[in-house]
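Proteins get letters first, then strands, A, B, ... in listed order; numbering begins at 1 in each.
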Amino acid sequence: MSENLVRVRFAPSPTGYLHVGGARTALFNWLYARNQQGVFVLRIEDTDRERSTAASLDAIIRGLEWLGLDWDEGPGKGGPCGPYAQSERLPVYRAALRELQDRDRVYRCFCSDEELERRMQAAKDEGRAWDGYDGHCRRLPAAQIAAYEAAGRPACWRLRTPPTGVTFWYDIVVGKREFQNEVITDRVVVKADGFPTYNFAVVVDDHTMGITHVLRGDDHVSNTPFQLMIYDALGWTPPKFGHMPMILGPDRKRLSKRHGAVSVEEFRDQGIIPQAMVNYLALLGWSIGASGDEVMTSEGLIKKFSLKKVNSSPAAFDYDKLEHINSQHLKRMDPDHRRALALPILAARGWSYDPAWQVPGASDQHTYVDRLLALLGGRFSSLRTLPDQLVFFFREDFPVDAEAWRQQVAGAAGRERLAALAEAMDRALPADRPAGAAAYEEVVRELAERSQLAAGELIHPARVALTGQGRSAGIFEVMEALGRPRVVGRLRRAAG
RNA sequence: GUCCCCUUCGUCUAGUGGUUAGGACACCGCCCUUUCACGGCGGCAACACGGGUUCGAACCCCGUAGGGGACGCCA
């Protein structure tokens with residue numbers, strides 16, 4: 001490992017899905033690694049044997065892959081610092097514990113949960129502060145220790161933390177942070193079951209994996225001084241730390257399920273595309289600066305990303321802006337990519353092109369969908385709404401907006417106009433040849449003039465008859481994409 | 001309760017001693033138009049408060065208030 005090579009990591013615990021907070025942490029690490037041409041490591045923190053599940057791990061990996069955040073070392077990839085799951089690194093932690101024992105920086109703690117609970121209660125009752133542990137076993141007489149050991153009493157290992165002084169570091173995001181040592185208690189380093197705690201495993205892994213920058217959520221700030229004490233106890237040089245601000249809900253409370261979607265897969269299911277998710281997440285807590293387009297691809301983000309521009313204040317998640325970024329990506333995407341997104345959505349519904357429709361320029365599903373998406377243009381702003389926007393191009397039993405129908409079609413005038421329009425088209429357009437938008441428009445305008453109507457008085461009823469909706473893309477283009485047989489058929493049907 | 005952090009339009013943010021405090025989302029209006037979008041143009045809207053420092057503070061210092069986070073043999 002070269003000295004100045006950046007090595008960063010994302011270290012989720014497999015106890016749930018990949019939520020936006022985790023996704024953003026992963027993203028920032030990934031962006032930094034890619035920007036610096038460093039290495040991005042994925043490490044699985046599964047030291048909690050109760051809560052870790054294979055299903056969660058799958059979900060997290062799926063989420064990362066969906067976002068396009070590829071890792072250089074980790075599960076499925078291997079690497080020189082493996083294994084990359086903490087549950088498989090027990091020997092590494094054991095060696096580190098031995099080192100701490102040799103240096104007399106840890107001690108055994110025999111306190112049971114009940115005892116701890118009792119002393120905490122007592123402290124509270126007497127109005128004394130209780131900040132996690134009272135150092136009881138630190139002062140245990142040797143004879144007592146021997147007795148407990150002989151009895152086989154379960155014990156964990158606690159770090160002997162310095163009682164006075166200060167521990168500080170220069171945080172990449174907020175600058176100097178310092179803690180008085182007396183507020184840091186002798187936390188557990190190895191549990192009674194022999195597994196390391198999070199704080200211990202993180203330090204050992206970050207060190208043995210050569211991590212140079214630890215970029216994580218702000219909720220880890222208070223763990224940092226304790227971790228620095230572990231580095232110190234082991235005689236290791238700590239990495240640089242950067243704590244990213246939290247992501248808040250619209251109510252400025254920590255973002256959670258009750259705010260709406262929080263897992264990246266939920267966003268995917270709601271029609272958000274990964275490029276947009278990545279783009280939006282990057283904008284949350286980081287800024288491109290005064291100039292520059294906010295809408296960026298991952299490549300653009302990598303080029304622009306800088307830790308210096310990461311904000312120190314928590315940011316509220318804005319679903320509206322995500323939608324906007326999403327629509328921008330969809331709109332700017334090249335036609336092939338747009339079609340690739342649309343095709344599976346249509347296929348899932350069994351909607352496919354039929355040559356009998358006589359649509360000019362369309363010969364199969366691909367060419368037809370290309371036509372439809374071109375016609376939709378900027379209206380194609382979400383994957384979720386796409387089926388509603390296209391249903392009437394594929395089915396005759398498309399939904400009809402009742403209010404629009406009542407206003408435009410239901411009355412005698414509406415029906416008469418539609419009947420007249422149907423006949424005019426039937427007469428003017430050759431039955432065996434596809435008609436273009438201009439041809440439809442000519443018929444409509446001619447009839448309008450002949451009947452002394454405004455063109456709109458034909459157009460609006462036709463739109464409802466043809467699409468079921470009061471609004472749509474340009475109606476003549478819609479007619480062209482529907483094809484003559486269906487246009488005439490639907491007009492007649494609506495005319496009753 | 002203890003410790004730590006944060007504070008520019010409703011939201012995301014630019015800004016690091018002298019700016020008409022800029023952009024984006026949302027919202028409103030106008031234009032475009034067969035409707036709806038898109039797009040274009042314009043508008044509304046912010047330096048939490050109080051003291052300092054300074055010729056001059058959004059920017060520096062100190063308080064206050066508000067918000068967030070952490071206090072596990074969870075991670």
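A:Asn181 and A:Thr164 share no side-chain donor-acceptor pair at under 3.5 Å.
For A:Gln469, there are no side-chain hydrogen bond (donor to acceptor under 3.5 Å, both in side chains) partners, not counting sequence neighbours. In this structure, the salt bridge (charged side-chain N to carboxylate O under 4.0 Å, His left out) partners of A:Glu115, at least two apart in sequence or on a different chain, are A:Arg153. For A:Asp205, the salt bridge (charged side-chain N to carboxylate O under 4.0 Å, His left out) partners two or more places apart in sequence, or in a different chain, are A:Arg43, A:Arg89. Annotation: side-chain hydrogen bond (donor to acceptor under 3.5 Å, both in side chains) contacts of A:Arg24 (sequence neighbours excluded): none. Under the side-chain hydrogen bond (donor to acceptor under 3.5 Å, both in side chains) criterion, A:Trp169 pairs with A:Asp171, sequence neighbours left out. Contacts of A:Glu477 classified as salt bridge (charged side-chain N to carboxylate O under 4.0 Å, His left out), with partners at least two apart in sequence or in another chain: none. Every residue was checked against the ring pair (Phe, Tyr, Trp, His ring centres under 6.0 Å) condition with A:Phe398, not counting sequence neighbours, and none meets it.
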Only pairs under 3.5 Å count here: list side-chain donor-acceptor contacts from residues 447-454 of chain A, not counting sequence neighbours, and write none if there are none.
residue, atom, partner, partner atom, Å
A:Ser451, OG, A:Leu447, O, 2.6

Under 3.5 Å between N/O atoms: give me all the protein pairs with nucleotides 57-68 of chain B, atom names plus distance.
residue, atom, partner, partner atom, Å
B:rG68, OP1, A:Lys253, NZ, 2.4

Distances for protein N or O near nucleotides 72-75 of chain B N or O, under 3.5 Å:
residue, atom, partner, partner atom, Å
B:rC73, O2, A:Ala192, N, 2.9
B:rC73, N4, A:Cys111, O, 2.8
B:rC74, OP2, A:Lys191, NZ, 3.2
B:rC74, O2', A:Asp48, OD2, 2.7
B:rC74, O2', A:Arg51, NH2, 2.9
B:rC74, O2, A:Arg51, NH2, 3.0
B:rA75, OP1, A:Thr47, OG1, 2.6
B:rA75, OP1, A:Asp48, N, 3.4
B:rA75, OP1, A:Lys191, NZ, 2.8
B:rA75, OP2, A:Tyr198, N, 2.9
B:rA75, O3', A:Glu45, O, 3.3
B:rA75, O3', A:Glu45, OE1, 3.2
B:rA75, O2', A:Ser13, OG, 3.1
B:rA75, N6, A:Asn223, OD1, 3.2
B:rA75, N6, A:Asn223, ND2, 3.3
B:rA75, N1, A:Asn223, ND2, 3.4

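For B:rA57, there is no paired base (Watson-Crick or G-U wobble, both distances below 3.5 Å).
Across B:rC6, B:rU11, B:rC4, the shortest atom-to-atom separation from the side chain of A:Ser312 is found for B:rC6.
Side-chain N/O atoms of A:Lys309 include one lying less than 4.0 angstrom from OP1 or OP2 on B:rG15.
No engagement by A:Lys176 is indicated, since no non-hydrogen atom pair under 4.0 Å with the nucleic acid exists.
Counting only residues at least two apart or on different chains, the ring pair (Phe, Tyr, Trp, His ring centres under 6.0 Å) pairs with a member in residues 185-208 of chain A are A:Tyr198-A:His220, A:His207-A:Trp236.
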Inset, instruction - Summarise how protein sits on nucleotides 33-49 of chain B as a single string, 5' to 3': B when a protein heavy atom is under 4.0 Å from the base, S for sugar-phosphate-only contact, - for no contact. - result: -BBBBSS----------

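When the P atom is compared between B:rC55 and B:rA48, the two are found 25 Å apart, to the nearest whole Å.
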